[in-house]
Each structure stands twice: as C-alpha cells, then as structure tokens.
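These notes are about the structure you will find just below.
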Amino acid sequence: MKLSMPRYDQAPVLVVGDVMLDRYWHGGTSRISPEAPVPVVKVEQIEDRPGGAANVALNIAALGAPALLVGVTGRDEAAHSLADSLHAAGVQAHFQRIDEQPTIVKLRVMSRHQQLLRMDFEEPFNTDAEALAEDVDGLLAGVKVLVLSDYGKGALKNHQALIQLARARGIPVLADPKGKDFSIYRGASLITPNLSEFEAIVGHCQDEAELVTKGARLMNELGLGALLVTRGEHGMTLLRPEHPALHLPARAREVFDVTGAGDTVISTLAASIAAGEELPQAVALANLAAGIVVGKLGTAAISAPELRRAVQREEGSERGVVSVEQLLLALEDARAHGEKIVFTNGCFDILHAGHVTYLEQARAQGDRLVLAVNDDASVARLKGPGRPINAVDRRMAVLAGLGAVDWVVSFTEDTPENLLRQVKPDVLVKGGDYGIDQVVGAEIVRAYGGEVRVLGLVENSSTTAIVEKIRSK
C-alpha cells in the first residue's frame with residue numbers, strides 16, 4: 001500500500017465528547033514512608049495535558065489540521081487550564097460549563113518515568129444535550145469529519161442526534177465507542193473499538209476468521225460504514241462491507257506507555273479522511289502514528305514532522321534513490337526540521353575521484369544534498385553516441401551509496417529546470433569553470449531568494465577523458 005503525507009491544513013475536523021485534564025505530578029523518590037510501606041515522592045514539577053476528547057483535538061491540531069472541539073467541563077481551575085492549553089495549540093474549543101460539577105481530572109504521580117499512583121476526580125455530567133447539539137450543528141458547516149470521542153462520562157447523551165446532523169450534511173462520522181451498547185452509534189461511518197470493547201459486544205473471538213465474521217454481522221446490524229478493531233500488539237483489523245478484511249501489523253518498535261493511543265488512532269484517521277485519503281490509507285497512517293505514540297510517556301500528540309518521517313521510512317524515501325514524489329515528501333520533512341537543502345545535477349556516467357570530492361564539497365554547503373541525474377536519453381543528446389557508458393539506474397545506485405548524498409533523483413530533460421521549480425533548494429551548486437550566470441537554473445533559484453554557488457574544479461578528473469583513454473587502448 002502506497003502512503004503519502006496528506007494536506008492536513010485543508011482538513012478541518014470537529015471533535016465532540018468527554019474532555020478531561022490529565023495532570024502529572026513528577027518528583028524523585030529516595031525513601032519509604034514511616035507511616036506505610038509506600039514511597040515518598042517529593043513533587044518537583046506539575047504538568048497538565050488535555051485528555052480524552054481534548055487529546056483527540058490536540059492530536060488533530062498537531063498534525064496541522066484545523067481542530068474544533070465541543071465538550072463539557074466544570075467552572076473551575078482545571079477547565080481554565082484545559083482552555084489555555086487548547087487555545088495555545090490552536091484548537092477552537094467550545095465548552096458547556098456546568099456550575100457545581102468538577103472538570104474531570106486524572107492525576108498521576110510519576111517518579112523516574114514510572115507511574116506510582118493514579119487518582120480520578122470525576123462525576124457524570126448533567127449535560128444539556130439539546131444545547132450541545134445546537135453547538136455542534138452550528139459548527140458542522142465548516143468541517144469535513146465529525147468525531148465522537150466517547151469515554152462514557154456524560155458529555156455524549158444524544159449520539160443519534162449528532163450522527164444524523166452530520167449525515168444530513170454528508171459529513172462522515174467516526175466514533176471511538178464505550179460501553180456495552182453499540183446501538184447508540186448506529187449509522188456511523190466508522191467505529192474504532194479496541195479488542196476488549198469489541199468482544200464485550202460480540203463475544204470472544206478464537207481467531208481472526210471469527211473476528212471478521214462477527215465484525216461483519218455487527219456492521220450489518222448497526223448499518224456501519226466500516227469497523228476498525230485495534231488489537232494492541234496484534235495491530236489493527238479494518239472491516240468494510242463487500243471488501244476483504246485488512247490486517248495491519250503493530251508498528252511500535254518499543255512500547256513505553258499506551259496512554260492515549262486510541263486517541264491518536266482516531267485523530268489521525270479523522271484528519272486523513274478529511275484530507276481526502278481513502279480509508280485503507282488513512283488506517284495505515286493511523287497505525288504508523290499509534291506506533292510512535294506508544295513510545296512516549298503519558299498522554300502525547302504526534303506532530304506532522306514525526307508522522308511524515310515515519311511515512312518516509314515506510315516508503316523507503318528517507319535516503320537514497322527516490323521518485324520525484326518521494327523526494328518532495330522527504331524535503332517537506334527536512335524543511336520542517338529546519339534543514340538547509342542543497343541541489344546539484346549532472347550525468348555522472350563513470351564515477352571518479354573528482355565527482356566524490358565535488359559532492360562532498362556540495363554537501364558541506366547545507367544539511368541535505370539532492371543529486372539530480374540525467375536519464376540515458378538526455379545523456380546521449382548531451383554527450384553523443386556511445387554514451388552513457390552506465391545506465392541511469394546503475395549510475396543512481398552508485399551515487400546513492402556515497403555518504404555525502406542524501407537523495408538521488410533522475411530527470412528526462414536536458415536541464416533540471418523543471419525539477420528545480422519543484423524542489424526549490426536553498427542552494428544550487430555547480431562545479432567546474434562556470435561563471436555563476438552560466439549555471440542552468442540560477443535565475444529560477446535567485447527569483448525566490450535562494451543562493452547559487454560555483455565550486456572549484458578538481459583537476460585531471462573527467463569522465464570523457466577516462467572514456468577516451470579506454471578507447472585509445
């Protein structure tokens with residue numbers, strides 16, 4: 001399955017559900033309490049993070065998508081902390097604030113990256129369901145996906161009303177379900193239970209075949225568009241009517257903390273679908289994101305650069321020979337990390353010491369080097385009959401093995417001008433006895449504020465000279 005990084009900036013998503021504050025008390029432990037056999041934690045840092053539906057919205061915003069949130073809180077310090085954090089992250093939050101009821105807070109006591117204790121402060125909210133539906137209806141016109149983030153805390157009391165509001169506008173509805181009655185999600189485009197939640201509804205599944213059969217039955221009973229079962233270390237299973245099951249393996253390299261992993265899955269799914277991705281591709285992106293988040297401590301969001309780099313690894317474009325599409329994706333990530341892009345080009349028919357020295361000098365002009373190579377037809381036009389000696393795939397494979405080169409891409413024209421317009425390097429480099437004004441593409445790069453540099457000529461190094469020497473013998 002081919003993956004690419006979606007345009008999340010074009011993908012507004014509305015999240016409705018149970019918001020909560022995840023609070024962390026961090027400190028060291030050096031002794032046991034004389035009052036009871038428990039460690040004494042000297043609290044040195046207090047950290048607040050949005051949790052529940054608020055974490056879903058935060059994850060969507062971290063991907064670069066416009067995120068809107070509707071939820072219920074108290075009128076207290078925890079609600080203010082939530083609102084401030086979400087505002088700082090760019091989330092447009094709309095809270096129904098209820099007097100004399102506390103905002104849900106989950107307090108974790110941490111020492112040396114280990115959770116010692118969790119305390120929950122919560123009461124089911126007496127939500128005004130009609131008012132919440134009015135808020136949602138007023139926001140739906142500006143979004144492409146609705147997410148119901150249900151933690152069973154009382155914010156969502158009118159699931160069907162919200163689903164029907166969205167369906168009337170043709171907006172997909174994704175639900176992260178809770179409880180033992182999934183009929184409240186009837187008509188949703190997709191629900192994302194974990195395996196335990198799924199089996200609580202359909203019964204224990206002995207194997208994948210039984211999971212698929214029971215999942216298909218559940219989709220039919222509830223009129224669901226699709227069902228995604230998250231299965232921990234066994235990955236995910238996507239079920240759709242009249243499509244074969246799609247099983248994706250878990251992608252985590254190291255599981256450190258599973259807190260918020262479900263939020264990451266549905267947020268990445270929602271943003272990807274809103275950005276126009278097909279469901280299998282959106283699920284694959286969500287699977288990659290989940291593999292990243294479980295390697296973090298506590299409730300955490302996945303940033304667009306993190307996901308982009310994971311996509312690069314998946315598509316093999318982190319380094320080496322790439323297509324133009326893969327190159328542009330890799331460059332977007334490099335720029336997100338503040339890296340300076342250098343570009344050079346040539347035929348590189350027979351690699352010699354002069355090439356190696358020149359490419360090392362070019363790489364020193366920035367952080368990443370893009371090497372554009374003429375294809376065989378353009379080399380023949382430029383160099384004459386009998387050239388190239390080596391086909392373009394072989395030339396590119398050798399060049400990709402050089403430590404100075406990050407990406408190698410081919411082009412079909414006689415000059416790389418069209419490629420330069422797409423890549424837009426920070427620095428265009430050419431070697432030899434050129435003047436700067438003679439460098440092909442110099443005016444393109446200068447037009448957007450890039451630099452053009454000419455490096456020194458390495459003496460007594462020439463592919464043409466090597467070819468003539470071989471021919472003469």
Side-chain angles (χ1 to χ4, degrees), residues 17-59 62 71 73-74 76-82 84-86 88-89 102-124 149-153 155 176 178 192-197 200 230-235 250-268 286-287 289-303 306:
D18 299 297
V19 300
M20 56 195 74
L21 182 68
D22 286 328
R23 178 161 284 167
Y24 297 83
W25 287 359
H26 298 272
T29 57
S30 58
R31 62 193 179 95
I32 301 297
S33 171
E35 303 164 359
V38 294
V40 175
V41 179
K42 184 179 183 298
V43 177
E44 298 165 341
Q45 179 187 2
I46 298 175
E47 180 184 13
D48 287 351
R49 301 181 189 178
N55 185 45
V56 176
L58 190 67
N59 269 269
T73 69
D76 50 20
E77 174 271 336
H80 291 309
S81 179
L82 263 177
D84 290 344
S85 296
L86 292 166
T103 300
I104 297 172
V105 175
K106 297 185 181 295
L107 173 62
R108 299 169 176 90
V109 180
M110 313 289 297
S111 183
R112 296 172 184 169
H113 302 299
Q114 296 294 323
Q115 185 178 147
L116 302 182
L117 179 67
R118 181 175 125 176
M119 294 173 283
D120 291 357
F121 303 86
E122 63 178 76
E123 296 176 16
S149 181
D150 194 353
Y151 278 79
K153 307 299 183 184
D176 188 1
K178 286 292 180 291
T192 61
N194 62 37
L195 183 60
S196 295
E197 293 164 340
T230 57
R231 303 165 58 200
E233 69 273 17
H234 298 295
R251 305 310 300 266
R253 297 179 179 180
E254 181 179 1
V255 177
F256 193 70
D257 190 340
V258 298
T259 304
D263 295 341
T264 298
V265 169
I266 198 165
S267 60
T268 308
N287 195 35
I292 299 170
V293 79
V294 296
K296 299 187 175 188
L297 176 64
T299 307
I302 301 305
S303 68
E306 287 177 297

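Only heavy atoms go into these numbers, but all of them, side chains included; no hydrogens, no water, no symmetry mates.
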Closest contact, heavy atoms only, [X] versus [Y]:
| X | Y | answer |
| --- | --- | --- |
| Thr73 | Ala79 | OG1-CB, 3.6 Å |
| Gly17 | Ala155 | O-CB, 3.5 Å |
| Ile104 | Lys153 | CD1-CB, 3.5 Å |
| Ser149 | Ala53 | OG-CA, 3.4 Å |
| Ala290 | Val265 | CB-CG2, 3.8 Å |
| Arg49 | Tyr24 | CD-CE1, 3.8 Å |

| message | Tell me if the CD atom of Gln45 is crowded by more than 12 foreign heavy atoms within 6.0 Å. | response |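 For Gln45, atom CD is crowded (more than 12 foreign heavy atoms under 6.0 Å).
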
Pairwise side-chain contact, [X] with [Y], heavy-atom cut-off 4.5 Å (strictly under):
| X | Y | answer |
| --- | --- | --- |
| Thr29 | Leu116 | yes |
| Asp150 | Asp18 | yes |
| Leu21 | Phe121 | no |
| Met119 | Val105 | no |
| Glu44 | His26 | no |
| Glu122 | Met20 | no |
| Pro102 | Asp76 | yes |

| task | To the nearest 0.5 angstrom, please state how far the CG atom of Leu58 sits from the CG atom of Leu82. | result | 10.5 Å

| query | How long is the gap from CG on Leu107 to CG on Leu117, to the nearest 0.5 Å? | reply | 7.5 Å

Would you say the side-chain atoms of [X] pair up with the backbone N or O of [Y], donor to acceptor, closer than 3.5 Å?
| X | Y | answer |
| --- | --- | --- |
| Ser267 | Thr264 | yes |
| Thr103 | Gly74 | yes |
| Asn194 | Gly232 | no |

| By salt bridge (Lys or Arg N to Asp or Glu O under 4.0 Å), which residues pair with Asp84, not counting sequence neighbours? |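 Testing Asp84 for salt bridge (Lys or Arg N to Asp or Glu O under 4.0 Å), a comparison that skips the adjacent residues, returns none.
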
| field | salt bridge (Lys or Arg N to Asp or Glu O under 4.0 Å) partners for Arg23, two or more places apart | value | Asp48, Glu77

| query | Do Asp22 and Lys106 meet the salt-bridge criterion of a basic N to acidic O distance under 4.0 Å? | reply | no

